[in-house]
Amino acid sequence: MPTVEFEGKTMDLDEDGFLQNPGLWSETVAQYFADQEGLGRLTDEHWKVVNMIRNYYLQFGVAPMIRKVVKDTGFELKYIYTLFPSGPAKGACKIAGLPKPTGCV
Amino acid sequence: MPGVGLPPLEQNVPPIALRNYGKWVDHEELRPGVLKHVAESGEACYTVRAGMPTNARVSTALARRIAGLADEFAEGHLRLTRRHSLELVGVDPARIDELTERLRKLGLPVGGTGRTFRNTVSCTGWIHCQFAATDAPAVAKAISDELYEDFLRERYPAKLKISISGCVNQCGEGSTADIGIIGVHRDLPRVIDEEVARCEIPLIVSVCPTGAIKPKPPKSVQVDPERCIHCVACAAPCQGMQIGDPETDGLAVVVGGKAGNSGSGPAFAKFVIPYLPNRPPRWPEVVQAVRRIVDLWVREARRDERIGDWISRIGWERFFQKTGLPVSEKHLDGYVLWPMSARTGVRFHW
Amino acid sequence: MLIVQLACPKCGFVIEQYRADQLETDAQKQKRYQYLRKKQTLCPSCLTQTSKLEERRVEVEAAPEAELLAEGPSEAAPVGEGPTATPLCDELERGPWPSHVTELKQTRYHLQMYEEGLRQKKTQWGFGGYTSIPGVASGILMRASARPDIAKGANLVRAFCPSGTFYSTKTLRALCDVADRHGYGILHLHATTCDIEVLGVPKEELRATVDELVAAGLDVGSTGDAYRNCQECIGPLRCEMVLVDSVAMRQAYFTRFLDDVQYPRFPHKIKFKLSGCPNDCTRSQQKGDLAIVGVFRDPPTINEARLDGWVRNGGDMAHIARMCPTRAMEWDGRRLTIDAEACVRCMYCINKCPAIRPGGDRGVAVLAGGKMRGKYGPLQPVVIAPFVPAIPPDFKEVFDLCAKITDVYDEHARRKERLGDFIYRTGIDEFCRLVGVPATAQQMTAPRVNPFYHWTPEELQASRKEGE
Ligand code: HEM
Ligand code: SF4
Ligand code: SF4
Ligand code: SF4
Ligand code: SF4
């Protein structure tokens with residue numbers, strides 16, 4: 001299992017680079033993941049999505065449905081895909097420190 | 001970049017189909033595997049249909065050979081049917097025999113139209129899937145070998161479609177077909193606590209249809225063995241829910257499914273053999289069961305009666321009696337939609 | 001040009017051939033050639049197992065048929081892995097039906113994974129599923145290996161089949177090139193939903209694979225919780241039954257919904273199937289989350305002259321009349337009549353006798369909620385609207401209704417709840433109310449038998465007012 005050292009903490013990642021222990025997440029960790037994804041500096045719009053997903057996850061224990069993300073952030077789906085080119089699941093959830101949202105095919 | 005959608009028709013559709021778009025008036029089957037369609041203009045279009053390797057796995061080597069044949073015999077076009085058989089469309093009628101021979105040399109039998117055994121549909125099974133309780137491609141191959149002659153010749157009262165899936169997800173269908181083979185798990189999901197801790201536990205709990213899964217604090221779940229119906233739903237969203245045991249996995253046989261509205265209308269197939277063990281590489285019990293059902297149907301059904309039609313005429317009582325398949329409480333549906341298959345009147349077949 | 005052929009010693013069928021000059025210089029071809037010479041082979045033509053292929057050298061004039069040249073796997077199967085390495089797989093090459101193992105053997109798929117599966121009676125693949133890369137939100141599936149000692153995991157890429165599932169050989173060859181370049185060299189033609197699958201693509205090559213497929217005219221998608229590839233029947237391209245233009249309808253689907261197909265956003269997957277007539281060649285009435293089926297309302301028409309001829313040529317009308325599911329047909333040996341009130345437009349007589357054709361007044365029925373598993377097991381889709389006008393080129397009424405149905409689903413369903421399960425949970429009455437379609441007699445096999453209705457306060461209010 002790959003690990004990264006970050007701010008003195010060792011973080012386990014899964015093979016797709018998702019944080020294994022969501023408790024270790026912080027805003028700097030989010031920026032680190034964003035760099036990994038090649039997004040550069042996170043903008044307010046990125047943060048709006050990331051915070052929405054993270055808060056929902058902390059409240060309900062699951063990633064929100066995409067419709068919910070679209071509704072709560074007010075962004076169009078395609079725009080979210082522009083913000084996070086690997087998509088809300090693989091991109092935004094990773095940056096928000098959620099476990100990998102799964103579900104086959 | 002994705003985002004372009006479908007290619008224009010002209011790119012792949014042969015000119016004969018474009019010329020007569022929506023103007024077909026008639027068709028007949030000249031012999032198994034050879035169809036003649038006639039358009040308004042009087043133009044005739046000859047199609048040769050052939051079986052493809054089981055599981056629709058095609059190496060690029062074979063695909064290129066097929067492309068070579070299509071260039072030679074069908075003006076550079078080919079088609080795959082909804083059951084994944086191969087069709088060369090617009091063949092010169094004088095060269096059909098030659099084409100049949102060339103296809104045979106590639107190992108592809110010509111047939112599968114009319115009252116025949118059709119190309120099987122199957123899922124990827126142990127070739128490539130994590131859930132497979134049985135190997136659908138191998139079962140498909142064993143059955144196709146057994147019924148090979150019936151693909152070439154019209155020996156049946158109606159068509160016979162067989163579909164095989166490695167598990168109850170039914171990616172390769174099963175319930176849709178005249179005879180379906182469906183892999184079944186019978187063990188309880190094994191919960192790997194460390195893995196489950198990293199999954200979305202509320203989702204695992206909510207996908208279980210019987211409420212068999214309960215959270216187990218701090219970060220795992222437990223499965224109630226009394227309630228689990230081995231449906232594999234919990235295994236899909238989480239790596240930590242593992243189902244499958246080589247000693248108890250196997251497959252079930254369903255019969256009587258059908259898609260079109262013609263005659264009795266669309267219906268799902270019904271479970272007649274709840275469990276058979278896995279016996280790779282050739283699953284002799286399954287082949288034998290299929291053989292027995294097919295032979296009886298061929299002997300007893302009236303013309304145009306698919307297996308489901310035949311059974312609804314003679315009744316399930318007679319079906320079980322004649323096939324010698326045992327009836328058990330596993331045939332009675334106890335799940336949420338159970339009243340759909342329980343009988344209410346006393347109009348019995350004896 | 002000198003050609004080296006490996007042929008079946010019994011029937012002479014050429015199993016592979018190489019250009020002699022290439023065989024001398026190309027190490028991979030040599031390896032493959034040596035391997036084939038040592039290996040037991042099943043001749044695809046006469047089906048005999050041969051221990052040794054016959055080598056022949058022939059001089060040909062022009063360039064030989066390209067496809068007969070050994071251009072399959074560029075990486076040769078390892079030498080020394082003789083027939084004993086995969087005895088169970090080899091067994092599956094026996095018998096007359098073309099075998100998937102024979103195909104797998106000609107590619108870089110790791111056959112030992114399959115062999116171990118058959119030996120242990122257990123899949124050797126691990127947890128995989130939907131995945132995406134930047135710019136490709138739908139169309140990629142990850143297949144993980146549970147046996148990294150044998151093979152690494154890989155990805156597969158799904159592309160939509162072209163209209164009518166026709167391929168020009170140019171498209172097919174381009175597809176082969178992509179599969180050879182980036183994958184195992186094996187295609188799934190087709191997967192069950194009629195997607196093309198290119199298997200065995202490593203992560204780094206996904207982007208290139210997708211771009212090359214798209215360049216060949218095969219756009220990718222059909223994975224994840226999105227609208228999936230939509231299957232249409234061959235319809236106008238080669239079928240005389242066709243009532244509505246299924247092929248144009250699928251094109252309209254992709255024009256209108258491409259974003260919904262390529263950007264997953266729904267609670268679960270949604271599979272569309274379009275059939276041009278009630279024969280339903282796409283099996284939509286069993287598997288379609290949304291099933292669109294061509295229907296006609298006027299009774300079947302009878303062409304008297306043609307019927308006479310057909311009967312004179314041995315057509316058995318008495319049998320057809322007997323098999324009509326509603327006994328709507330009357331045949332006295334000379335005249336045929338169809339009772340328009342009894343007939344359910346099932347197509348049986350039309351399929352069997354060319355003198356009977358579908359009637360006019362055509363449109364589509366829209367059904368929703370079919371699936372093969374999910375919470376309540378296999379469910380057939382139920383009729384939402386029995387007749388919707390199907391007007392090309394955009395089939396607006398039909399697709400507006402579909403979009404409305406999936407909007408309601410998107411709004412109200414739970415995560416990973418299929419449309420059919422959602423309808424079952426809410427009830428068909430509530431579902432139709434949410435979608436805003438009126439109830440019709442065609443929607444039920446019979447009206448309800450239980451007396452437990454729901455009445456709204458407004459409905460009660462209305463009665464009170466009347467009483468005043
Ligand atoms: C890793 C897990 C799975 C794999 C590898 C897998 C693989 C496949 C493949 C290859 C197809 C053919 C697809 C196509 O042509 O586009 C398919 C179709 C299908 N899958 Fe799966 N599947 C998986 C999980 C599931 C699950 C969890 C369900 C149920 C919710 C499911 C239900 C189906 C059904 C019903 C079809 C047939 C659809 C049709 O014919 O239209 N599969 N699957
Ligand atoms: S039916 Fe089951 S075994 Fe077959 S591909 Fe689907 S999930 Fe895998
Ligand atoms: S296999 Fe199905 S019934 Fe059993 S625990 Fe998992 S989800 Fe529940
Ligand atoms: S569904 Fe009807 S129109 Fe379409 S191909 Fe089948 S028979 Fe023809
Ligand atoms: S369409 Fe069907 S119901 Fe109507 S007359 Fe023909 S066979 Fe009978």
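All values below come from the heavy atoms of this structure, side chains included, with hydrogens, waters and symmetry mates left out. Proteins come first, then strands; the chains are lettered A, B, ... in the order of their sequence lines, and each starts at number 1.
Chain C forms more heavy-atom pairs under 4.5 Å with one residue of B:R302, B:Q11, B:R303, B:E149 than with any other, namely B:R303. Ranked by non-hydrogen atom pairs under 4.5 Å with chain C, the options B:G125, B:A63, B:G244, B:A70 are led by B:A63. With chain C as partner, the option from B:D249, B:V207, B:N55, B:D26 having the largest number of non-hydrogen pairs under 4.5 angstrom is B:D26. Counting heavy-atom pairs under 4.5 Å between each of B:Q242, B:R279, B:R83 and chain C puts B:R83 at the top. Of the listed residues (B:V13, B:L86, B:L6, B:V168), the greatest number of heavy-atom pairs within a distance under 4.5 Å of chain C belongs to B:L6. The choice from B:E87, B:H84, B:H77 that makes the most heavy-atom pairs within less than 4.5 Å of chain C is B:H84.
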Worked verdict on B:R79 versus C:R238 for side-chain contact (heavy atoms from CB on, under 4.5 Å): CA-CA 11 Å; B:R79 162 166 203 270; C:R238 204 202 50 203; 4.0 Å; yes
Test log, rule side-chain contact (heavy atoms from CB on, under 4.5 Å), inputs C:W97 and B:N119: CA-CA 10 Å; C:W97 195 274; B:N119 213 48; 3.1 Å; yes
Chi angles and distances behind the side-chain contact (heavy atoms from CB on, under 4.5 Å) call for B:V121, C:T192: CA-CA 7 Å; B:V121 173; C:T192 328; 4.0 Å; yes
Residue pair C:T169, B:L78: steps toward the side-chain contact (heavy atoms from CB on, under 4.5 Å) verdict: CA-CA 7 Å; C:T169 49; B:L78 57 117; 4.2 Å; yes
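For B:V232, the parts sitting under 4.5 Å from any heavy atom of chain C are the backbone and the side chain alike. Both the backbone and the side chain of C:N279 come within contact range of chain B, judged by heavy atoms closer than 4.5 Å. Only the side chain of C:Y424 has a heavy atom closer than 4.5 Å to any heavy atom of chain B. Of the two parts of B:A235, only the backbone, made up of N, CA, C and O, holds a non-hydrogen atom closer than 4.5 Å to a non-hydrogen atom of chain C. With a threshold of 4.5 angstrom between heavy atoms, C:F166 approaches chain B through its backbone and through its side chain. For C:D177, the parts lying near chain B are the backbone and the side chain together; criterion is any non-hydrogen pair under 4.5 Å. Proximity to chain B involves both the backbone and the side chain of C:Y167, based on heavy atoms less than 4.5 angstrom apart. Contact annotation for C:A248: both backbone and side-chain heavy atoms come within less than 4.5 Å of a heavy atom of chain B. Only the side chain of C:R207 comes within less than 4.5 Å of a heavy atom of chain B; its backbone N, CA, C and O stay farther away. Contacts of C:A144 with chain B are absent, with no heavy-atom separation under 4.5 Å from either backbone or side chain. Using a 4.5 Å cut-off between heavy atoms, B:C208 contacts chain C through its backbone alone, with no side-chain atom that close. At a 4.5 Å heavy-atom cutoff, the contact between C:R357 and chain B is made by side-chain atoms alone. Only the backbone of C:C161 has a heavy atom closer than 4.5 Å to any heavy atom of chain B. Heavy-atom distances place the side chain of C:L172, and not its backbone, under 4.5 Å from chain B. In this structure, the portion of C:L258 lying under 4.5 Å from any heavy atom of chain B is its side chain and not its backbone. Residue C:I350: no heavy atom, backbone or side chain, is found under 4.5 Å from chain B. Residue C:Q262 touches chain B through its side chain alone, counting heavy-atom pairs closer than 4.5 Å.
Taking the six-membered ring where the residue is Trp, the centroids of B:F131 and C:W125 are separated by 6.0 Å or more.
A distance of 9.5 Å separates SG in B:C171 from CZ in C:R373, rounded to the nearest 0.5 Å. Going from atom OH of C:Y184 over to atom OG of B:S59 covers 15.5 Å, rounded to the nearest 0.5 Å. Interatomic distance, C:D219 CG to B:M1 CE, rounded to the nearest 0.5 Å: 10.0 Å. The CZ atom of C:R322 sits 10.5 Å away from atom CG of B:D304, with the distance rounded to the nearest 0.5 Å. A distance of 6.5 Å separates CZ in C:F127 from SG in B:C199, rounded to the nearest 0.5 Å. Taking CD of C:E103 as the start and CG of B:L62 as the end, the distance is 4.5 Å to the nearest 0.5 Å.
The minimum heavy-atom distance linking C:L237 with B:W24 is given by the pair O-NE1, 3.1 Å. Nearest heavy atom pair, residue C:R94 against residue B:K141, reads O-NZ, 2.8 Å. Residues C:P378 and B:S175 come closest through the heavy atom pair CG-OG, 3.8 Å. What you find for B:N278 and C:K121 is that their closest heavy atoms are O-NZ, 3.3 Å. Of all the heavy atoms in C:A179 and B:T60, the pair that sits closest is CB-CG2, 3.7 Å. The heavy-atom pair separating C:Q286 from B:A259 by the smallest distance is OE1-CB, 3.6 Å.
Residue pairs meeting the salt bridge (Lys or Arg N to Asp or Glu O under 4.0 Å) criterion with at least one member in residues 160-169 of chain C, sequence neighbours excluded, do not occur.
Side-chain contact check for C:E240 and B:H37: no donor-acceptor pair (N or O, by modelled atom type) lies under 3.5 Å. Inspection of the C:Q285 and B:N261 side chains reveals an N or O donor paired with an N or O acceptor under 3.5 Å.
Within 6.0 Å of CZ in B:R19 there are more than 12 heavy atoms belonging to other residues, nucleotides or ligands. Counting non-hydrogen atoms of other residues, nucleotides and ligands closer than 6.0 Å to CD of C:E91 gives a total above 12. The environment of B:E247 atom CD is sparse: at most 12 non-hydrogen atoms of other residues, nucleotides or ligands sit within 6.0 angstrom. The number of heavy atoms from other shown groups lying within 6.0 Å of NZ (C:K170) does not exceed 12.
B:Q130 places a side-chain N or O within donor-acceptor distance of the main-chain N or O of C:G128, the cut-off being under 3.5 Å.
The shortest side-chain heavy-atom distance between C:P98 and B:P109 falls under the 4.5 Å cut-off. Looking at heavy atoms from C-beta onward, C:R173 lies in side-chain contact with B:D71 at the 4.5 angstrom threshold. Taking 4.5 Å as the limit, every side-chain heavy atom of C:I234 sits out of range of all side-chain heavy atoms of B:R82. Looking at B:F268 and C:M372, their side chains come closer than 4.5 Å, going by heavy atoms from C-beta outward. When side chains are defined from C-beta on, C:L199 counts as touching B:H128, because their heavy atoms get closer than 4.5 Å. You'll find the side chain of C:L118 reaches within 4.5 Å of the side chain of B:D135, heavy atoms only. The side-chain heavy atoms of C:D180 and B:R64, taken from C-beta on, include a pair separated by under 4.5 Å.
Under the ring pair (Phe, Tyr, Trp, His ring centres under 6.0 Å) criterion, C:Y253 pairs with C:F257, C:F272, not counting sequence neighbours.
Ring geometry for C:Y376 versus B:Y335: interplanar angle of 30 to 60°, hence tilted.
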